[in-house]
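So you know, we letter chains A, B, ... as the sequences are listed, proteins then strands, and number each from 1. What you see is a predicted model; the values in this text were computed from it and never measured.
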Amino acid sequence: MRIGELARRTGITERALRYYEEQGLLRPERRPSGYRVYGDADVAAVRRIRILLAAGLSTAQITQVLPCVLDDDGLLAPLCPELVDALVEHRAKIDEAIDELAATRANLDVIISAEARSA
DNA sequence: ATTCTAACA
DNA sequence: TGTTAGGA
């Protein structure tokens, strides 16, 4: 199928699909016309990519992780043990980011509370 | 009609 | 990412 059909079947814009290829997430074949040709497997691949992106992984990480993930129901099962370690690490970074944002919010609250009273 | 690349009020 | 120009 060409990019238009894959876009319809996945709900992903053609723009994004071309971007995924640029990032090495998809390797569609090319017709002599230059048109990209995708296989049925790519529909599932895009599904996995979306889940991984939603989990906050970078395209670079996804490129490595993609072949290490099992495609079952609507979930992704990590296969390689290295992958699990990487995901646990990623989770830790998310916790750090949450803490930093909480601190930033606290600082903002101080300013908001000081408003009007200072004048 | 569709898709392609490149580029940015 | 959207969008658009300019081609095939």
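To the nearest whole angstrom, the two P atoms, one in C:dG6 and one in B:dT2, are 22 Å apart.
When hydrophobic clusters are built by joining Ile, Leu, Val, Met, Phe, Trp and Tyr residues whose side-chain heavy atoms come closer than 4.5 Å, directly or via intermediates, A:Val37 is not grouped with A:Leu26. Under the 4.5 Å side-chain heavy-atom criterion for Ile, Leu, Val, Met, Phe, Trp and Tyr, A:Leu87 and A:Ile94 are members of distinct hydrophobic clusters. Hydrophobic clustering places A:Ile3 together with A:Ile12 (ILVMFWY residues linked when any side-chain heavy atoms are closer than 4.5 Å, directly or through intermediates).
Between A:Glu22 and A:Arg18 there is no salt bridge, since no side-chain N of the basic residue sits under 4.0 Å from a carboxylate O of the acidic one. A salt bridge links A:Glu21 with A:Arg30: the distance from a Lys NZ or Arg NE/NH1/NH2 to an Asp or Glu carboxylate oxygen falls below 4.0 Å. Between A:Glu89 and A:Lys93, none of the side-chain N atoms (NZ, or NE/NH1/NH2) sits under 4.0 Å from a carboxylate O, so this pair counts as no salt bridge.
When heavy atoms are screened at a 4.0 angstrom cut-off, A:Thr13 is found touching the sugar-phosphate backbone but no base atom. Using a 4.0 Å heavy-atom cutoff across all strands shown, A:Arg15 reaches at least one base atom of the nucleic acid. Among the atoms of the strands shown, none is found under 4.0 Å from any heavy atom of A:Arg31.
Between the C1' atom of C:dT1 and the CD1 atom of A:Ile49 lies a distance of 16 Å, rounded to the nearest Å.
The environment of A:Arg105 atom CZ is sparse: at most 12 non-hydrogen atoms of other residues, nucleotides or ligands sit within 6.0 angstrom.
Nucleotides of DNA chain B lying under 4.0 Å from heavy atoms of chain A occupy a range whose first and last members, 5' to 3', are B:dT2 to B:dA7.
Summary of the strand contacts: A:Arg30 and A:Tyr35 both lie near DNA chain B, and taking for each the nucleotide with the nearest heavy atom, the more 5' one is attributed to A:Tyr35.
Hydrophobic clustering, defined by side-chain heavy atoms of Ile, Leu, Val, Met, Phe, Trp and Tyr closer than 4.5 Å, groups A:Val88 together with A:Val84.
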Dot-bracket encoding of pairs in DNA chain B, which uses [ ] for pseudoknotted crossings and | for another strand, Watson-Crick or G-U under 3.5 angstrom: .|.|||||.

